[in-house]
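Note that the structure is predicted; figures quoted are calculated from it, not measured.
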Amino acid sequence: MCRSSFKYNLTFIVLFFGITLIHAGDEGEETSTNDIKLYYTEWSVPCRSVMMIGKMLDIPFEMIELDLKKRDRYDSEYENINPLRKAPVINDNGFILWESRAIMVYLVQKYGANHQLNLYPANLQIQANINKMLQFDMGTLTLAFNNLYGMWALYKSPKTEYKQTKLLDAFQIFDTLLENQFAAGNSLTLADVALFVNIITIEAAGEINLNEYKNINFWYTKCNTLLTNYKNVNTIGLNIIRQKTEDRKKEDKDEMVEGLVYNSDFLKAISTLVRGVQSQVISSEYLYHFKSLETRLLLLR
């Protein structure tokens, strides 16, 4: 072998292995899932959406639960991580990211490229449709639900007909948008995961009957089957929602009864009805009911 040929081959070998090592190093940097911290709360829909993606892509999060009763989100250290003081937030080896839908897209693009679940296809138009439905989920469906249920459950703001109508309108729009089998096309994507977590939460809160929406009900059944191995991350959160709903209903009932008991005008009205029966102005068949109610109100005072 001549000297020039030997140099050529040696150069080729060096370049080949050098490029291979560099490429391997890049891949290691992109796909490493060490120390991805997830700040979350169990009852939060956005947090559980991110948790679902982590489960589907086998991402081993370091879970850091925020205790909102202790006002963890107002801690100065957490405020430095997320100035909005909300959850979820991820810390991927020093890269901080908040806003659940941005987190979901980031995780799928970084760790799900070669995964069997193609949740965010490379096709730009499909990606655009996924992003559209993620924005619909946040700006229409979630907004309507939070205004109705969230304000009632957390801040005791009354449910109004207007708020209920806005949620029903959002569901009607979603039902119309589901022309295909899935939210953004003919296969399960990131948009379906986010919307599924939202829908099962709204259902757990008792705010909607899915049987009234043909397309949503069909879509829900398919997602429920495909996500069977992953939806258990929602169990604790949904139970919290159900318990919170029951507690708030009881509070509303107790407050209503208390208001009636201490409302002298209402008691006077009942007493007047009792006298009306006794004076034979009102049929005597109502006497027992009016008298019983009057007695119970007086005992509760």
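- Residues W152 and K249 are in side-chain contact: their nearest non-hydrogen atoms beyond the backbone lie under 4.5 Å apart.
- Among the candidates T201, I202, I241, the single residue satisfying the side chain to side chain contact (heavy atoms under 4.5 Å, CB included) test with Y149 is I241.
- Ion pairing between D192 and K222 fails under the 4.0 Å rule for side-chain N and carboxylate O.
- Put simply, the side chain of Y78 gets close to the backbone of K86: a donor and an acceptor are under 3.5 Å apart.
- Residue E79 holds its CD atom at 5.0 Å from CZ of R85, rounded to the nearest 0.5 Å.
- The line from CZ of F171 to CG of N215 is 13.0 Å long, rounded to the nearest 0.5 Å.
- The residue from K244, K250, Q243 that alone fulfils the side-chain hydrogen bond (donor to acceptor under 3.5 Å, both in side chains) condition with D247 is Q243.
- Using cut-offs of 30° and 60° for the angle between ring planes, the Y111 and Y106 rings count as perpendicular.
- Residue I53 holds its CD1 atom at 4.0 Å from CE of M104, rounded to the nearest 0.5 Å.
- Atoms CG and CG, on D137 and N198 in that order, are 4.5 Å from each other to the nearest 0.5 Å.
- Judged by distance alone, with hydrogens and angles left aside, the side-chain atoms of S100 form no donor-acceptor pair with the main-chain N or O of C47 at under 3.5 Å.
- Within the model, atoms CD of Q181 and CG of L188 stand 11.0 Å from one another, a figure rounded to the nearest 0.5 Å.
- A tilted orientation is assigned to the rings of F174 and F136, their planes being inclined by 30° to 60°.
- Using a distance-only test at 3.5 Å, with no hydrogens or angles considered, a donor-acceptor pair links the side chain of Q127 to the main chain of P121.
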